[in-house]
Each structure stands twice: as structure tokens, then as C-alpha cells.
Peer 1: 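I'd like to ask some things about the structure below.
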Amino acid sequence: MSQPDPAGDAGSDWSALLVAVGQRRDRAAFARLFAHFGPRLKSYLMRLGAQPNQAEDVVQEAMLMVWRKAHLFDPQRAEAATWLFTIARNRRIDLLRRDGRGGPAASLPWEDNLPDPVDETPLPDERLDQTRQAEQVRRAIATLPPEQAQVVHLSFFQEMAHGAIADHLDVPLGTVKSRLRLAMKRIRQGLGKDTFGKDTLAEETLPDPPPTGA
Amino acid sequence: MTDTRHHPSEATLMAFAAGALDEGLALVVSCHLVSCPACRALVAEGEMIGGALLDSSQPAPLADDALSRMMARLDEPEPPPPPATDGNAPAWMPAPLARQMNALHGPSWAAQARRSLGWRWLAPGVRQLSVMRRTRGGGTARLLSIAPGTTLPHHDHGGLELTCVLDGAFHDERALYQTGDVAELEPDTPHQPVAEGNHPCLCLIANEQPTRFSGLVGRLTQPLIGF
Ligand SMILES: [Zn+2]
């Protein structure tokens with residue numbers, strides 16, 4: 001197995017490590033994944049408002065899921081960081097739901113209730129080179145206009161749906177939806193998909209936002 | 001499944017991918033995704049954004065014993081998987097909703113449902129079935145069965161409302177929605193769905209916040225909604 005380059009973050013190596021965990025229960029590979037993604041997950045969770053020790057606990061829970069579900073990881077369908085993101089997202093929501101209900105965790109079989117696109121999403125035209133695509137997505141995100149980057153960050157780092165974002169930024173809901181739509185469009189274009197399959201629908205369901213000074 | 005013509009907005013799919021959508025709304029989206037590859041692809045792209053943001057996060061150092069704690073947990077016995085649906089779920093019910101019903105009522109709910117799913121009268125020609133306890137965000141999700149030609153009470157809602165047609169069809173002031181379609185209604189958009197065709201329209205409806213029914217019938221029926 002090739003050594004992941006800690007500075008270079010070569011995605012294919014993380015995928016190879018995940019495959020090694022899934023196929024051979026490779027603990028050394030898992031420890032390397034933990035060393036790389038654990039601190040990033042903690043950082044991500046803290047940006048979502050978790051206290052440091054809460055974040056540590058969720059990191060442990062999420063990485064335990066990674067260990068248990070690694071056999072489901074398919075490097076043709078997802079890049080390692082994307083797959084880890086979905087596992088952590090689902091685990092975090094799962095834990096929050098349980099806390100909110102006050103019940104013992106074991107009594108609520110939420111795991112498979114989570115809308116889980118990881119297991120169910122075939123990506124017909126996206127099977128090639130997930131690593132390259134992830135790199136293109138990173139580049140596209142880095143070049144988003146500030147107002148689009150802002151709504152993307154509020155979605156992912158503040159867990160805000162668009163209504164909450166509109167309230168937070170004090171702009172019309174249509175403006176937020178339009179910025180998110182444009183951000184997705186740019187990212188699709190970054191992936192070389194210039195056609196936007198749902199343009200007609202988008203026009204129909206998303207009225208043009210009123211002019212705004214924001 | 002026929003081609004769906006009405007989809008959740010890109011903003012909603014992005015919020016779904018980010019984990020930012022309230023649980024009931026997420027259930028409606030996941031029921032739509034079952035039959036909509038186009039939206040699945042958009043959600044997958046949203047998840048790639050999540051992966052990219054995760055990977056580019058500034059690492060926050062873990063506690064000194066984090067790795068040893070982690071490795072010590074790997075041999076913990078796995079909790080048993082949640083029981084699978086027993087195959088009695090109605091044909092119109094998408095898998096994510098069937099799993100939700102399992103979680104709420106136990107694995108034998110579908111067999112019991114042959115007798116009664118626990119539908120409650122809501123208004124003339126309209127019955128409802130709650131499919132979720134109130135969510136973290138204060139939202140709800142419920143099934144409505146609307147008899148042909150029946151008009152739902154005129155209502156508006158404080159938050160986003162998503163409706164997925166599971167069987168039959170309805171129209172409102174804006175469009176005709178058929179099986180698999182999603183109607184996405186922004187806050188404070190009053191609308192009045194009418195069931196189409198000659199058998200009941202079954203819809204899964206989720207709100208961010210409790211729906212307000214307006215008008216006399218609305219005021220009378222609101223307490224029965226139980227939210
Ligand atoms: Zn769709």
C-alpha cells in the first residue's frame with residue numbers, strides 16, 4: 001500500500017486505505033485515516049457549534065461507523081472525503097435526534113432511517129475518476145463569488161436551510177435560493193457539465209429574486 | 001415510474017446534502033430521490049461539496065488518547081441492524097417512508113396496517129396519518145389521503161413546505177402534481193390542493209413549522225391536525 005503523503009492529501013490513497021479497511025479490516029490503514037480525517041472532522045463539527053469534547057465524541061462515533069461500513073465504500077462512486085462526509089453527517093444527525101428525544105440511544109433504530117444517498121445513489125455518468133472530480137469541486141468552491149461562497153458555507157457550516165440563511169443575511173428567500181442555485185451551477189460547470197438538466201424547472205419554480213442591494 | 005416533472009429546488013437539495021434540512025423535509029426529499037436520478041445526481045454533487053469542505057478544514061488537534069480510545073472501540077459488538085420491513089408495506093410506499101414507519105411503529109406495523117394504519121379524519125374527504133414525531137426543528141411530516149375532487153382547507157405555513165405525491169395526483173393554483181412529483185412551497189404561500197382523478201391522492205407532506213389553516217374550516221380542523 002502506498003504511503004499517503006500528509007502534505008499532498010492525495011485522495012486516491014485515502015480511498016485505497018478505506019478499501020483496505022473494508023476488505024481486510026486493516027487496522028493500520030484505519031489508524032492512518034483516523035489521523036488524517038479525525039482532526040478535520042473535529043474542526044468541521046466545531047464550526048457547526050460543537051464544544052471540543054462533544055466534537056471528539058462525535059468524531060469517535062463517526063469513525064466507528066467508518067470502520068463498520070467501510071466494506072460499503074466504492075471508490076468508483078465516491079471519493080474518500082465525500083464518503084466520510086456523508087457518514088459523519090448521518091451519524092451526527094442521528095446522535096442529535098436521540099439527544100432531542102431524551103431516550104436511550106439503543107432504543108431508536110435511526111441508522112437506516114436516515115435518508116442515505118450513499119447507499120442508494122447510482123451515479124451513471126460520474127463513475128470515472130472520483131479523485132479528479134473532487135479536485136475540480138475544490139477548485140470551483142475556491143473560486144465562487146463571495147456571496148455564493150457565503151451561502152454554501154452557511155449551509156454546510158451553520159446547518160442552515162435557505163429560510164434560516166435568508167433571515168440571517170436579511171435578504172429575500174429568492175435571493176438565497178438563486179445564489180445556491182448559481183453556486184451549484186458553477187460547480188457543475190467545474191465538473192465539465194455545462195448542461196444544467198433542470199433549467200426549465202428552475203425557472204418555473206424559482207421566480208427571479210427581487211432586486212436587492214445586498 | 002413515470003418521469004417526474006416537479007422537483008425540489010436546488011437550494012433544497014443542497015440543504016439536504018449539507019444535513020441542514022429539517023428531518024421531515026429530508027424524508028420527503030428522500031422519497032423523491034428514490035424515483036429521480038437527476039436529483040440524486042445533484043445531491044451527490046452537494047455531498048462532494050461537503051467532502052471538499054471537510055477535507056480543506058483546518059485540522060483541530062484531537063485529545064492525546066483519541067487514537068487509543070478509537071482503536072479500543074473497534075471490537076465493540078455492533079448493534080443489531082434495525083429489523084427489515086416485513087414485505088407488507090403498501091406498493092405505493094417508498095422505501096425511506098417504510099423504514100420510517102418501521103422505526104415509529106415497529107417492524108410489524110405493515111401487517112397491522114392491513115387492518116388500520118391509524119388514519120384519522122381531518123376534514124370531509126381527507127384523512128391523515130402522522131409518520132414522524134415532531135422534529136428537532138419543530139417540523140412535522142404526515143401522510144394525507146385526499147378523496148377525488150376534494151379540496152384541502154386553504155392553508156399557508158410559516159416555513160418551507162414540501163409535498164411528494166406517492167399515489168394519484170393533485171393540482172393547486174400553480175400546477176398539476178403526479179406520482180413522484182414534489183411541490184415546494186415557500187413560506188407564507190397560501191395554496192389549496194385539489195385531488196385529481198378517480199382514486200384517492202396520497203401525499204407525504206412535511207413542514208418546517210406548524211401549518212396555519214385559514215378560513216372557518218381551517219380554524220375548525222387545525223386542532224385536529226394535532227401539531
Ligand atoms: Zn427530482
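Here is how names work: the chains are called A, B, and so on, in the same order as the sequence lines, proteins then strands, and each is numbered from 1. When reading the values below, keep in mind they use all heavy atoms of this one structure, side chains included, and skip hydrogens, waters and symmetry mates. Source: prediction; values computed, not measured.
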Peer 1: Give the C-alpha distance, both sets of side-chain angles, the deciding distance and a yes or no for salt bridge (Lys or Arg N to Asp or Glu O under 4.0 Å) between A:Arg188 and B:Glu10.
Peer 2: CA-CA 12 Å; A:Arg188 284 180 74 80; B:Glu10 286 77 12; over 6 Å; no
Peer 1: Picking from A:Phe37, A:Phe34, A:Tyr44, which has the most non-hydrogen pairs under 4.5 angstrom with chain B?
Peer 2: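 That would be A:Phe34.
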Peer 1: So do the side chains of A:Gln133 and B:Met48 get within less than 4.5 Å of each other, counting heavy atoms only?
Peer 2: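 In short, these two side chains touch, coming nearer than 4.5 Å.
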Peer 1: Need one label for A:Ile187: side chain, backbone, both or neither, based on atoms under 4.5 Å from any heavy atom in chain B.
Peer 2: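 Side chain only.
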Peer 1: By a 4.5 Å heavy-atom criterion (distance strictly below it), what part of B:Ala60 contacts chain A: side chain, backbone, both, or neither?
Peer 2: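 The answer is both parts of B:Ala60.
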Peer 1: Roughly how far, to the nearest 0.5 Å, is the OG atom of B:Ser57 from the CG atom of A:Leu41?
Peer 2: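 One finds 8.5 Å between CG of A:Leu41 and OG of B:Ser57.
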Peer 1: Enumerate the residue pairs fulfilling side chain to side chain donor-acceptor pair (under 3.5 Å) with a member in residues 59-76 of chain B, sequence neighbours excluded, ordered by first and then second residue.
Peer 2: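 Pairs touching residues 59-76 of chain B that pass the test: A:Arg27-B:Asp75, A:Asp57-B:Arg69, A:Glu61-B:Arg73, B:Arg73-B:Glu76.
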Peer 1: How far does CG of A:Leu84 sit from CG of B:Leu54, to the nearest 0.5 angstrom?
Peer 2: 7.0 Å
Peer 1: Donor-acceptor pair, A:Arg40 side chain versus B:Asp55 backbone, under 3.5 Å?
Peer 2: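 Such a contact is found between A:Arg40 side chain and B:Asp55 backbone.
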Peer 1: If you round to the nearest 0.5 Å, how far is CD of A:Gln60 from CG of B:Leu62?
Peer 2: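 If we round to the nearest 0.5 Å, B:Leu62:CG and A:Gln60:CD are 8.0 Å apart.
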Peer 1: Looking at residues at least two apart in the chain, or sitting in another chain, which of them share a ring-ring contact (aromatic ring centres under 6.0 Å, His included) with A:Phe156?
Peer 2: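 Residues passing ring-ring contact (aromatic ring centres under 6.0 Å, His included) with A:Phe156: A:Phe85.
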Peer 1: Working to the nearest 0.5 Å, report the span between CE of A:Met184 and CD1 of B:Ile49.
Peer 2: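 If I round to the nearest 0.5 Å, the distance is 5.5 Å.
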Peer 1: Kindly say whether B:Ala17 contributes a backbone atom to a donor-acceptor pair with the side chain of A:Arg89 at under 3.5 angstrom?
Peer 2: yes
Peer 1: Using a 4.5 angstrom heavy-atom cutoff, name the option from A:Arg47, A:His162, A:Glu135, A:Met46 with the most pairs to chain B.
Peer 2: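 Most pairs with chain B among the choices: A:His162.
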Peer 1: Is any side-chain N of the basic residue among A:Lys177 and B:Glu184 closer than 4.0 Å to the acidic one's carboxylate O?
Peer 2: yes
Peer 1: Please classify the contact of A:Leu48 with chain B as side chain, backbone, both or neither, using a heavy-atom distance under 4.5 Å.
Peer 2: neither
Peer 1: For A:Met63, which atoms come within 4.5 Å of any heavy atom of chain B: side chain, backbone, both, or neither?
Peer 2: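 Both backbone and side chain.
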Peer 1: Pick from A:Phe30, A:Phe157, A:Trp67: which one has the most heavy-atom pairs with chain B under 4.5 Å?
Peer 2: A:Trp67
Peer 1: Using a 3.5 Å distance criterion without hydrogens, assess whether the side chain of A:Lys42 forms a donor-acceptor pair with backbone atoms of B:Pro59.
Peer 2: no
Peer 1: If you compare all heavy atoms of A:Glu56 against all heavy atoms of B:Ala66, which two are closest, and at what distance to 0.1 Å?
Peer 2: OE1-CB, 3.8 Å
Peer 1: If you round to the nearest 0.5 Å, how far is CG of B:Leu53 from NE2 of A:His153?
Peer 2: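 Atom-to-atom, A:His153:NE2 and B:Leu53:CG are 5.0 Å apart.
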Peer 1: Would you check if A:Pro172 and B:Glu186 make a side-chain contact, meaning some heavy-atom pair closer than 4.5 Å?
Peer 2: no
Peer 1: Is any side-chain heavy atom of A:Ile93 closer than 4.5 Å to a side-chain heavy atom of B:Glu23?
Peer 2: no
Peer 1: Could you tell me which non-hydrogen atom of A:Ala161 sits nearest to which non-hydrogen atom of B:Glu208, and how far apart they are?
Peer 2: CB-OE2, 3.9 Å
Peer 1: Locate the shortest heavy-atom distance separating A:Ser155 from B:Met14; write the atom from each residue and the value.
Peer 2: OG-CG, 4.5 Å
Peer 1: Under 4.5 Å between any side-chain heavy atoms of B:Met70 and A:Leu64, yes or no?
Peer 2: yes
